[in-house]
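These numbers come from a predicted model, not from an experiment.
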Amino acid sequence: MADVGPAPGFARFGSLRLPALRGQQQWPGEAASTVSREQAVEQGTAGTVGGVRALLRIEGVAVFAVALAAYAQFGAGWGAFALWLLVPDLSLLGYLAGPRVGAALYNAAHSYAGPALLLALGVSAAMPWAVAGSLIWLVHIGLDRALGYGLKYAAGFAFTHLGRIGKADPW
């Protein structure tokens, strides 16, 4: 049989009539390519799916709401809140040095460990600025998680522990 060359653009996508392979999902790469969950984990492009993803996003909503309510009770002022709310996103500048560095800096600024330690310091050492800062930081992380912006994989900004973000693959 003779090679007829590459398929036309529309023919490279997966079939709309055939069901998706069980246990496999389309990930970025060649059109219609499927990668098993294990391969995606090895490549660092896997994200949480289904009920676990929903639970993690609900957890983000809970952290957001509780930290926001605590900040309102703490009474540190909404000007400071507005000023510091987006500071953790400065870690995105790490992506200028590449996806691996960007993911590491983003994850360091968007992990619950930092604000938890700052909150413990603020409470134990009676430092109101640390308590206020940790609550603002927790509000930011909770909002990000509720919106689906999870911790990043080194494969790129769009690959998070909550699933891929950005424009969805129409196929």
**Q.** Straight-line distance of Trp78 CH2 to Leu83 CG, nearest 0.5 Å
**A.**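 Reported to 0.5 Å precision, the distance equals 14.0 Å.
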Q: Would you mind listing every side-chain hydrogen bond (donor to acceptor under 3.5 Å, both in side chains) that reaches into residues 89-105, with sequence neighbours excluded?
A: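 Residue pairs passing side-chain hydrogen bond (donor to acceptor under 3.5 Å, both in side chains), neighbours aside: Asp89-His110, Asp89-His140.
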Q. Does one hydrophobic cluster hold both Val123 and Leu135, with members joined at side-chain heavy-atom distances below 4.5 Å?
A.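 Same hydrophobic cluster.
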**Q.** Hphob cluster co-occupancy, Leu143 + Trp84, side-chain heavy atoms under 4.5 angstrom
**A.**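 As far as the 4.5 Å side-chain criterion goes, Trp84 and Leu143 are connected within one cluster.
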What are the two closest heavy atoms between [X] and [Y], and how far apart are they?
X	Y	result
Ser134	Leu118	N-CD2, 3.7 Å
Gly142	Tyr112	CA-OH, 4.4 Å
Pro99	Ala154	CB-O, 3.3 Å
Leu138	Ala67	CB-CB, 3.8 Å
Leu162	Arg145	CD1-O, 3.6 Å
Val139	Leu85	CG1-CD1, 4.0 Å

Q) In this structure, which one of Ile136, Val66, Val131 forms a side chain to side chain contact (heavy atoms under 4.5 Å, CB included) with Tyr71? A) Ile136
Q: Tell me whether the guanidinium CZ or amine NZ of Lys152 lies under 6.0 angstrom from the six-membered ring centre of Phe159 and within 45° of its axis.
A: no
Could you check whether any side-chain heavy atom of [X] comes within less than 4.5 Å of a side-chain heavy atom of [Y], counting everything from C-beta outward?
X	Y	value
Phe81	Leu68	yes
Ile165	Tyr149	yes
Ile141	Pro115	yes

**Q.** From CA spacing to verdict: side chain to side chain contact (heavy atoms under 4.5 Å, CB included), Phe157, Leu92
**A.** CA-CA 9 Å; Phe157 180 80; Leu92 291 171; 3.3 Å; yes
Q: Verify, without hydrogens or angle tests, whether His161 (side chain) and Leu151 (backbone) share a donor-acceptor contact under 3.5 angstrom.
A: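 Yes; judged by distance alone, with no hydrogens or angles, the pair exists.
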(Q) Checking Phe64 against Asp144 for the side chain to side chain contact (heavy atoms under 4.5 Å, CB included) test, could you report, in this order, the C-alpha distance in whole Å, the side-chain angles of both residues, the deciding distance, and whether it holds? (A) CA-CA 9 Å; Phe64 170 78; Asp144 273 4; over 6 Å; no
